Number of protein chains: 4
Amino acid sequence: MPKIVDHDQYRKELLTKCFDLFAAKGYGAVTMRQIAKELGVSTGTLYHYFPSKQALFWQLYDELNERDTASMNAVLNSTDTLEERITAIFDYIAQNEDYFFKQFLITGDFYQQQDREEILANETLKHNYELNRDFVTKALETDDPAVVNFAMCLATGIMVVRLFEGNVVEYAEQAQLLNKMLTLYLQGSALSDVNVT
Amino acid sequence: MPKIVDHDQYRKELLTKCFDLFAAKGYGAVTMRQIAKELGVSTGTLYHYFPSKQALFWQLYDELNERDTASMNAVLNSTDTLEERITAIFDYIAQNEDYFFKQFLITGDFYQQQDREEILANETLKHNYELNRDFVTKALETDDPAVVNFAMCLATGIMVVRLFEGNVVEYAEQAQLLNKMLTLYLQGSALSDVNVT
Amino acid sequence: MPKIVDHDQYRKELLTKCFDLFAAKGYGAVTMRQIAKELGVSTGTLYHYFPSKQALFWQLYDELNERDTASMNAVLNSTDTLEERITAIFDYIAQNEDYFFKQFLITGDFYQQQDREEILANETLKHNYELNRDFVTKALETDDPAVVNFAMCLATGIMVVRLFEGNVVEYAEQAQLLNKMLTLYLQGSALSDVNVT
Amino acid sequence: MPKIVDHDQYRKELLTKCFDLFAAKGYGAVTMRQIAKELGVSTGTLYHYFPSKQALFWQLYDELNERDTASMNAVLNSTDTLEERITAIFDYIAQNEDYFFKQFLITGDFYQQQDREEILANETLKHNYELNRDFVTKALETDDPAVVNFAMCLATGIMVVRLFEGNVVEYAEQAQLLNKMLTLYLQGSALSDVNVT
DNA sequence: TATGAATGAGACTTCATTCAT
DNA sequence: AATGAATGAAGTCTCATTCAT
C-alpha cells in the first residue's frame, strides 16, 4: 500500500488553497512553482494531482460553483416580506464580498483562456447563471424575467463597481432603493392588472 | 519643435492599433514581438516609443478614457425628457457594446498588474469614474447620488452580464424598466418632499 | 531457496515484455512509468526487480543475446552443401527480420548510453560478436577470417539497409550472389592452393 | 540596421558545430543548453535561429546530405580499372570513417524521432539512397542492380560492424576480397553471356 | 512484496528588454 | 529613428528515483 491519501479529497484541499492565489494575482501571473510553494508541495506533486495549469484552473472554477450552490440556499430562510428578502440578498453579497470579488476575478481570467464563442457555449458558465437566476426569481416572487434581470444586473453592477472603484456605492443603500422602486413598480403593475381586468 | 509633434502623433497611432490586440488576447498573452509585428515595426522601434510593456499598456488605458470623454458628450443632445435621456444612454452603450467589452477586459487586465490598493488609489481610474458619474448625474437631472449610482451600477451590470453570459438581458428592455421605476420613484420623492415641506 | 527462483523467473518475464517497448520508442523515449504500466505493475515493483533504468536495459540486452545463442543452433541442421547453408542463414535472418531490427535498434540505444571507448570494451558486446563469428565460420566451413567477415558484414549490411531504406534489397537474391561468388572464390583458392603445393 | 549578420550563413555555421555534439551523445542526451553553450551563444539566440530542437536536428540532417553529395564526386577521378575503383571507394570510406560513423549515428537518432512508416516514406532519405546507388553503379560499371546492392550492403555492413565492434574487420582486406570475387563473378557472367549467344 | 505519492533537478521553450549597427 | 540579433531569467512540465505504508 502506498502512503495513505484520499487522492480526490486531497486534490480538493489543494484547490481550496489555490483560490486566493489566483484571485490575488490572476491566472497568468501565478506560476506553477509559486502554487506548489504556497501549497507546500513540490511541482512534481502538483502535477501528480493536476495534469496541467489549465486543468487545475478549470477544476478550481468547478469547485467554486459547487460551493456557491450550497451556500446560497440558506439566505432566504426566515424572510417574509419582499423588503426582507432584498435586504437579505444584498446583505449576503456584502458579507461575502471578498469571495465574490475573487470569484469574479477568477472568472475574468477564465475568460481570457479562450475565445468568446467557446465561453458563451460553456455549460458550466450557463449552469451557474441559471442557478443565480432561479435564486433571484424565488426571492423576488415575480415571474417577470425582465425584473429578475434588472435586480441581477444591479447587484452584479454594484459588486463590479466596488471592485474597480472602491466604496463609492453601498449595498444597503442600493438595496433600499431597489426595494422602494420595486414596490412602487409592482404595485403599479398590480393596479394596472386590476384595471385591465 | 517640429519632430516632437510627429513623434507624439505616431505614438498615438500605434496605441490605437494595440487596442484590439489587448482586448482580444489580454495583457499577459500578447507579446511585445506580436505587437511590433502587428504594428509593422521592429521591437526596437516599439521600445523607442514606449519604454516598457507596462508603460505601453497604461498609455493605452489613458487613451481610451480620453476618447470616451469626447464621444459621450454628444449623446444627450436633442433629448428632452428623462425617458429620452435614459433611452439615449442605453442605446449608446448598446451601439458601442463591443467597445465597452474591450475596454472592460483591458481594465480587467490592468487590474491584474498590481495590488488592489494601488488600483484603488490610481488617479486615472478615479478620474474616469468621476467623468461617468457627472455624465449620469446630468442625464438623470437628479442630485441624489444614490440614484445616480443605482443607474450606473445597473448599466455596468447589464454590460458585464452580457459579456459573460451572452444575450440573456436586453438593453432596451432594462432601459424601459429603469425609466418606469425611476419615474415612479422620483414622483414619490417629489410628493414626499412636498409633504415634508 | 524457493522464492529466489520465482523472483528470477518473474524478472525475466518482465524483461521480455520490455523488448518491444524499447525497440519501438528507444531507450530515451520510454519512461519507467510507461514500462511499469505496460508490465501491469507499479513503479515501486519495477524498482524492486531492477535497481535502475540502465540496469533494466542491460539485463534486457543480456537476455537478448542469450536467446539468440539458443535459436541459432538449429539453423544449420539438415544442410549439406555450402549453398544450402548460406540459404539457410539468410532465410533465418529474413524470417526473423523484425526481431533483428529491434535488436539492432536497441543496440543503437545502448550505444548512446556511454562513450564509444566503453562500448568497445564491453564484454557482452564482444561475446555476442564472437558467437556470431563462430556460427558463420562453421556455416562457411572456411578458416579464412576475411571470408567470414565478408559474409557477416554483407548480412549485417543487408539488414541495416533494409531497416533504413525499406525493401530495396532482398535476402534471397543476395544469398544467391554470395553463394556464386564464394563458390568461385573458394574454388580459385583451392586451385591456387593445389598449385602452390 | 541591426547587427550585421548573414542570418542564413550563421545558421549553417551553427549547424556545423552541432554535428559532433549530436554524433557523440545522441539526440536525446544533448540539451539545448549544452548546444547553446558549445556554440557560444545563449539559448535565446539558439531559438532565434532554430524554432525547436527537432527543427535544428532536421536541418542538421539535411545539411549532412548536402555535403556528402558534393564530396563523393571527386573520389572516382583517376581510376581506370575496377580494382582501382573499388579500392578508391573503400579507401574513401576508411578515410572518412569518423564522419560516416557520426552520420550513421545521427541517422539512427533521426529514426527514433518518428514512426518507421514515415521514415521509409521520407523523401530526403530516399534521395540519399538513390545518390549512393548511382555512385556505386558508376563505380562498378555494371547494370546488375543485385551486384550494386551487394557492394553497397557490404560496405555498409563493414562500417556498422566496425562502429559496434571495433577494428574486427579491415576495409582494405574486404576491398580486395570484393575485387577478386567480383572479377571472377563478372568474368563468369560474361562467359555465360557468350555461351548463351 | 507491492503500491503510488512525493520529490526536485533539469528539459524545452518564451519573452521583455538591450544594444550594436 | 530604426532594426533585429542577442540575452538569460523564468515558465511549464517530465521523469528517474525514493519512501511511507
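A note on names: the letters A, B, ... follow the listed sequences, proteins ahead of strands, and every chain is numbered from 1. Everything numeric in this text was worked out from a predicted model, so none of it was measured.
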Report task. Using the side-chain contact (heavy atoms from CB on, under 4.5 Å) rule, pick out the option among B/K12, B/R11, B/Q54 that qualifies with B/Q59. Result ->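 Considering B/K12, B/R11, B/Q54, a side-chain contact (heavy atoms from CB on, under 4.5 Å) with B/Q59 is found only for B/R11.
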Query raised in the report: Can you name the nearest heavy-atom pair linking D/Q34 to D/A29, along with the distance?
Result: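 The pair with the smallest heavy-atom distance is NE2-O, 3.9 Å.
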**Report entry** Closest contact, heavy atoms only, B/C18 versus B/I35
**Finding:**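 Minimum heavy-atom separation between B/C18 and B/I35: SG-CG2, 3.8 Å.
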Requested in this report: Measure centre to centre between the rings of B/F101 and B/F164, then say whether the value is under 6.0 Å.
Outcome: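 No, too far apart.
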Query raised in the report: Is the centre of the C/F57 ring less than 6.0 Å from the centre of the C/F50 ring?
Result: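 Centroid separation for C/F57 and C/F50: 6.0 Å or greater.
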Requested in this report: Using a 4.0 Å heavy-atom cut-off across all strands, classify D/F50 as base, sugar-phosphate, or nothing.
Outcome: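 No contact.
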Requested in this report: Output the residues of residues 39-48 of chain C in contact with DNA chain F, where contact means a heavy atom of the residue under 4.0 Å from an atom of the strand; sort by number or write none.
Outcome: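 Only C/T43, C/Y47 qualify.
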Requested in this report: Using heavy atoms to find the nearest nucleotide of DNA chain E for B/S52 and A/H7 separately, return the residue whose nucleotide is more 5′.
Outcome: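 Closest to the 5' end, via its nearest nucleotide, is A/H7.
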Length of the [atom1]-[atom2] vector between [X] and [N], whole Å:
| X | N | atom1 | atom2 | answer |
| --- | --- | --- | --- | --- |
| C/K53 | F/dT14 | NZ | C1' | 11 Å |
| D/Y49 | E/dT13 | OH | C1' | 18 Å |
| D/L14 | F/dA6 | CG | C1' | 12 Å |
| D/Y10 | F/dG4 | OH | P | 18 Å |
| D/E13 | F/dA5 | CD | C1' | 15 Å |

Requested in this report: Give a yes/no verdict on a cation-pi contact between A/K53 and A/Y27, requiring under 6.0 Å between NZ or CZ and the six-membered ring centre and an angle within 45° of the axis.
Outcome: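 The answer is yes, since A/K53 meets both limits relative to A/Y27.
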Report task. Go through the steps for D/L60 and D/T16 under the test side chain to side chain contact (heavy atoms under 4.5 Å, CB included), then give the verdict. Result -> CA-CA 8 Å; D/L60 172 58; D/T16 306; over 6 Å; no
Report task. Enumerate the residues from residues 29-37 of chain B whose closest heavy atom to DNA chain E is under 4.0 Å, giving them by residue number; use none for an empty result. Result ->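 Heavy-atom contacts with DNA chain E come from B/V30, B/T31, B/M32, B/R33.
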**Report entry** Duplex segments of DNA chain F, taken as runs of at least three Watson-Crick or G-U pairs that stay under 3.5 Å
**Finding:**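 E:2-21 with F:2-21 - these are the stems of 3 or more pairs that involve DNA chain F.
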Query raised in the report: So how far is it from B/L39 CG to B/Y49 OH, rounded to the nearest 0.5 Å?
Result: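 Answer for the CG-OH pair, B/L39 versus B/Y49, is 11.5 Å.
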Query raised in the report: Just wondering, are more than 12 heavy atoms of other shown residues or ligands nearer than 6.0 Å to NZ in C/K25?
Result: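 At most 12 heavy atoms, drawn from other residues, nucleotides or ligands, come within 6.0 Å of this atom.
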Query raised in the report: Above 12 or not: heavy atoms from other molecules or residues under 6.0 Å from NE2 of A/H7?
Result: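 Buried by this count: over 12 neighbours within 6.0 Å.
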Report task. Output yes when a side-chain donor or acceptor of B/S42 lies under 3.5 Å from a complementary backbone atom of B/T45, and no otherwise. Result ->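 Yes, the answer is positive, given that a donor and an acceptor are paired below the 3.5 Å cut-off.
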